[in-house]
Amino acid sequence: MKEAHVIVDRDFVIGDTDPRLFGAFVEHLGRCVYGGIYEPGHPTADERGFRGDVLALVRELAPTIIRYPGGNFVSGYNWEDGVGPVEKRPRRLDLAWMSTEPNTFGTNEFMDWCRAADVEPMLAVNLGTRGPDDARRLLEYCNFPGGTELSDLRRAHGWEKPHGVKFWCLGNEMDGPWQMEMKTATEYGRIATEAAKLMKWIDPTIELAACGSSSRNMPTFGSWEDTVLEHCFDHVEFISLHTYLNNYADDTPSFLASADLMDSFIEEVVAIADAVAARRRSTKRIMLSFDEWNVWYRTRRKNEGRTKLGWPVAPPILEEVYDMQDALAFGGACLSLLNHADRVKSACLAQLVNAIAPIMTETGGPAWRQSIFYPFRDMSRFGRGRVLQTRVSSPVYTTVYYDPRGTSELSFPMPDVPYLKLAVVDNLDEGTVTLFALNRNLTETLTVETQVRGFGALSLGEAHELHHGDLKATNTKDRPDEIKPASLEGVEITGDRVRVRLAPASWNVIRLSARGN
Ligand code: AHR
């Protein structure tokens with residue numbers, strides 16, 4: 001039987017998790033909005049058309065901040081189309097997803113939905129087909145109290161009080177050729193800087209995220225961040241990162257290891273941001289907004305939205321059905337985020353409902369949890385507090401990273417991947433220490449002994465695992481609970497040592513009570 005050893009110490013801290021680390025994303029994409037969060041006429045919908053069953057699952061999932069309205073969609077979006085009397089709103093072609101956008105849901109409806117879901121809104125501005133002046137106008141519409149044309153327009157539309165949106169994304173994936181009006185790093189850096197200036201002159205309390213690379217695999221990765229931050233450094237608080245893990249190669253050990261590249265990605269972006277600071281002799285630290293992350297591959301290369309004829313409204317695109325191994329890779333990504341809580345101060349699971357999402361719905365029918373729902377729920381519920389450094393000694397395996405574009409020259413071996421990946425959070429307010437542990441060994445149980453120093457004697461609060469004998473098992477409308485957490489038995493605690501046996505291919509949460517210390 002394989003065995004791993006871990007040491008954590010109350011005094012050795014990575015950083016506090018920011019509540020915004022547990023965010024998600026709602027884009028006008030497929031059935032994420034229409035038929036997802038918003039479906040007038042659905043049996044559970046309220047008078048605003050908000051699906052009650054979806055809201056209940058969102059509250060259970062516990063995201064803290066939601067990014068909106070895109071994504072690729074935002075690079076062609078006219079925010080004015082989505083406000084004012086619904087019957088006067090235009091239908092438009094959406095070139096991001098080759099759909100027709102009815103605009104019956106827009107910024108104000110999103111603000112109301114956020115209030116109903118008890119989440120903070122995060123808005124992205126269009127720096128593709130539009131620019132800094134439009135961003136300025138949207139900010140004035142949303143955040144200015146009144147007495148100007150745009151703020152009074154919001155009031156006339158029925159929203160008397162300003163929305164007070166604090167977190168804004170300066171465009172989306174502007175380095176990508178798939179983006180409407182993509183930019184070079186210099187073009188984007190200039191435009192983002194000017195947008196930031198105008199926006200902060202209206203509301204200096206806002207926080208801004210500049211677009212980083214749309215993935216670590218982009219040929220411009222690194223130089224993009226460097227150039228963009230050379231322009232924006234004094235004007236933004238965040239640089240964004242995006243990652244979608246994939247298993248195109250149908251190689252599960254490699255898939256599970258690939259989550260570790262998120263750690264590298266984060267550390268590389270931190271290094272670049274700090275190098276820009278160093279050149280200026282600045283003590284300012286740019287924080288990271290990992291504002292799109294998930295597993296996504298089955299519905300990605302098909303690019304269904306672009307190939308379907310007929311410009312449908314809310315087509316069922318990107319409806320990835322997640323299996324057990326996806327939940328494990330996803331759990332690995334959660335651990336990467338937690339373990340960089342000192343610099344990743346915001347992150348958004350992409351997305352929330354139907355389109356690459358933890359929550360699935362049938363239009364007119366029920367809603368259910370996908371496999372990835374559970375690691376996210378665990379992370380959000382139990383990840384609040386101080387993330388502790390971990391010293392891990394685990395058996396390892398060797399695998400391969402496959403470049404998703406299929407180029408062998410960009411594939412590389414990944415040696416010494418620990419079977420155990422974990423994060424430990426001291427939930428200060430509750431007197432609880434939570435261990436999140438992933439066993440990446442597909443066939444063998446992993447015994448883990450953790451010394452949790454500095455908390456005195458520990459006792460077991462609660463422990464559960466996510467595990468299924470079939471890594472390809474999924475939750476469906478007819479079998480919504482095929483994958484669900486079960487109690488983790490056999491946790492042994494002796495003084496400050498915790499001994500636990502992790503099932504092969506499992507995600508585990510162990511909550512220790514450290515009260516009275
Ligand atoms: O989340 C789906 C898409 O992935 C987003 O619209 C885009 O930003 C990214 O490429």
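If you're wondering where the values come from, they're calculated on a predicted model, not measured in any experiment.
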- Donor-acceptor pair, side chain of D426 and main chain of R386, under 3.5 angstrom: no

- Within-4.5 Å side-chain heavy-atom neighbours: R280 and D234: yes

- Query: Counting only heavy atoms not in F412, do more than 12 sit closer than 6.0 Å to its CZ atom?
  - Reply: yes

- Check whether any side-chain N or O of N294 sits under 3.5 Å from a backbone N or O of W296 as a donor-acceptor pair, and report yes or no. no

- Task: Answer yes or no: is there a donor N or O on one side and an acceptor on the other, between the side chain of E27 and the main chain of P69, under 3.5 Å?
- Result: no

- Item | Worked check of side chain to side chain contact (heavy atoms under 4.5 Å, CB included) between N72 and N172 | CA-CA 7 Å; N72 296 340; N172 176 70; 3.4 Å; yes

- Task: Establish, from distance only, whether the side-chain atoms of E3 and T447 form a donor-acceptor pair under 3.5 Å.
- Result: no

- Task: State whether R51 and D53 are salt-bridged, where the test is any N-O pair (Lys NZ or Arg NE/NH1/NH2 against Asp/Glu carboxylate O) under 4.0 Å.
- Result: yes

- Message: Using only atom types and a distance under 3.5 Å, with no angle test, would you say the side chain of Y397 pairs donor to acceptor with the backbone of P253?
- Response: yes

- Is a donor on one side and an acceptor on the other found under 3.5 Å between the side chain of R453 and the backbone of D496? no

- Query: Looking only at atom types and distance, does a side-chain atom of T361 sit under 3.5 Å from a main-chain N or O of G35, one as donor and one as acceptor?
  - Reply: yes

- Query: Can we say R511 and E462 salt-bridge, meaning some charged N sits less than 4.0 Å from an Asp/Glu carboxylate O?
  - Reply: no

- Close side-chain approach of F373 and I359, heavy atoms under 4.5 Å: yes

- Item | Expected output: side-chain E449 to main-chain R497 donor-acceptor under 3.5 Å | no

- Salt bridge or not for K166 and E120, using N-O below 4.0 Å? no

- Close side-chain approach of V125 to M199, heavy-atom, < 4.5 Å: yes

- Indicate the atoms forming the closest heavy-atom contact of A45 with E39, along with that distance. CB-O, 3.4 Å

- Task: Would you check if the side chain of R440 reaches a backbone N or O of L256 as a donor-acceptor pair within less than 3.5 Å?
- Result: yes

- Note on the structure: Rounding to 0.5 Å, atoms CG (L488) and NE2 (H467) come to a distance of 11.0 Å

- Query: Hey, are the side chains of L502 and L420 touching, using non-hydrogen atoms and a 4.5 Å cut-off?
  - Reply: yes

- Might you point out which heavy atoms bring A259 and S336 nearest each other, and give the distance in Å? O-OG, 3.3 Å

- Message: Using side-chain heavy atoms (C-beta onward) and a distance below 4.5 Å, is T17 in contact with F22?
- Response: yes

- Of F110, F25, F73, the residue whose pairing with Y68 passes ring pair (Phe, Tyr, Trp, His ring centres under 6.0 Å): F110

- Are the side chain of S254 and the backbone N or O of T399 linked by a donor-acceptor pair below 3.5 Å? no

- Tell me yes or no: between the side chains of S506 and E465, is some donor less than 3.5 Å from an acceptor? no

- Task: Evaluate the side-chain proximity of V58 to W113: yes if any heavy-atom separation is below 4.5 Å, no if none is.
- Result: yes

- Message: For F233, does the six-membered ring have the charged nitrogen or CZ of K284 within the cation-pi criterion, i.e. under 6.0 angstrom from the centroid and within 45° of the normal?
- Response: yes

- Is the closest basic N to carboxylate O distance between R20 and D18 below 4.0 Å? no

- Item | Exercise: identify the closest heavy-atom pair between P63 and V119 | O-CG1, 3.2 Å

- Message: Between E237 and K345, does the salt bridge (Lys or Arg N to Asp or Glu O under 4.0 Å) criterion hold? Intermediate values first, please.
- Response: CA-CA 10 Å; E237 285 68 38; K345 291 293 178 189; over 6 Å; no

- Task: Enter the distance from I286:CD1 to C232:SG here, rounded to the nearest 0.5 Å.
- Result: 8.5 Å

- For V295 and A329, work out which heavy atoms get closest and say how close. CG2-CB, 4.2 Å

- Message: Counting neighbours of CG on D403 that are heavy atoms of other residues, nucleotides or ligands and sit closer than 6.0 Å, is the number greater than 12?
- Response: yes

- Message: For the backbone of T450 and the side chain of H5, can you confirm whether one donor and one acceptor N or O come within less than 3.5 Å of each other?
- Response: no

- What one should report as the nearest heavy-atom pair of R48 and A116 is NH2-CB, 4.0 Å

- Can you check whether R31 reaches V353 side chain to side chain, under 4.5 Å on heavy atoms? no

- Decide, yes or no, whether a salt bridge links R67 with E292 under the criterion of side-chain N to carboxylate O below 4.0 Å. yes

- Query: About how many Å separate CZ of F238 and CZ of F290, when rounded to the nearest 0.5 Å?
  - Reply: 14.5 Å

- Matching residue for D175 among S213, C211, S215 - test: side chain to side chain contact (heavy atoms under 4.5 Å, CB included): S213

- Query: Do the non-hydrogen side-chain atoms of K421 and D260 ever get within less than 4.5 Å of each other?
  - Reply: yes

- Looking at CE of M379 and CH2 of W507, how far apart are the two atoms once the value is rounded to the nearest 0.5 Å? 7.5 Å

- I would like to know whether D112 and F50 meet side chain to side chain contact (heavy atoms under 4.5 Å, CB included); could you show each step before the answer? CA-CA 9 Å; D112 283 353; F50 301 163; 3.9 Å; yes

- Message: If I take atom CG from residue D16 and atom CG from residue L428, how far apart are they, to the nearest 0.5 angstrom?
- Response: 7.0 Å

- T434 and N427: side chain donor to acceptor below 3.5 Å: yes

- Yes or no on side chain to side chain contact (heavy atoms under 4.5 Å, CB included) for R343 and R285, after CA distance, side-chain angles and deciding distance? CA-CA 9 Å; R343 293 303 289 268; R285 287 293 171 264; 3.7 Å; yes

- Message: Show the nearest heavy-atom pair for residues L458 and A514, with the distance to one decimal.
- Response: CD2-CB, 4.0 Å

- Query: Are D291 and S289 close enough that a side-chain donor and a side-chain acceptor fall under 3.5 Å?
  - Reply: yes

- Message: Test side chain to side chain contact (heavy atoms under 4.5 Å, CB included) on E207 and S346; report intermediate values, then the result.
- Response: CA-CA 11 Å; E207 294 165 71; S346 171; over 6 Å; no

- Item | Enclosure of R391 CZ (heavy-atom neighbours >12, cutoff 6.0 Å) | no

- Message: Does atom CZ (R479) have a neighbourhood of more than 12 heavy atoms from anything else shown, all under 6.0 Å?
- Response: no

- Distance from L388 atom CG to L338 atom CG, nearest 0.5 Å? 11.0 Å

- Centres of the F265 and F221 rings: under 6.0 Å? yes

- Message: Can you confirm whether R384 is buried at CZ, in the sense that more than 12 heavy atoms of other residues, nucleotides or ligands lie under 6.0 Å from that atom?
- Response: yes

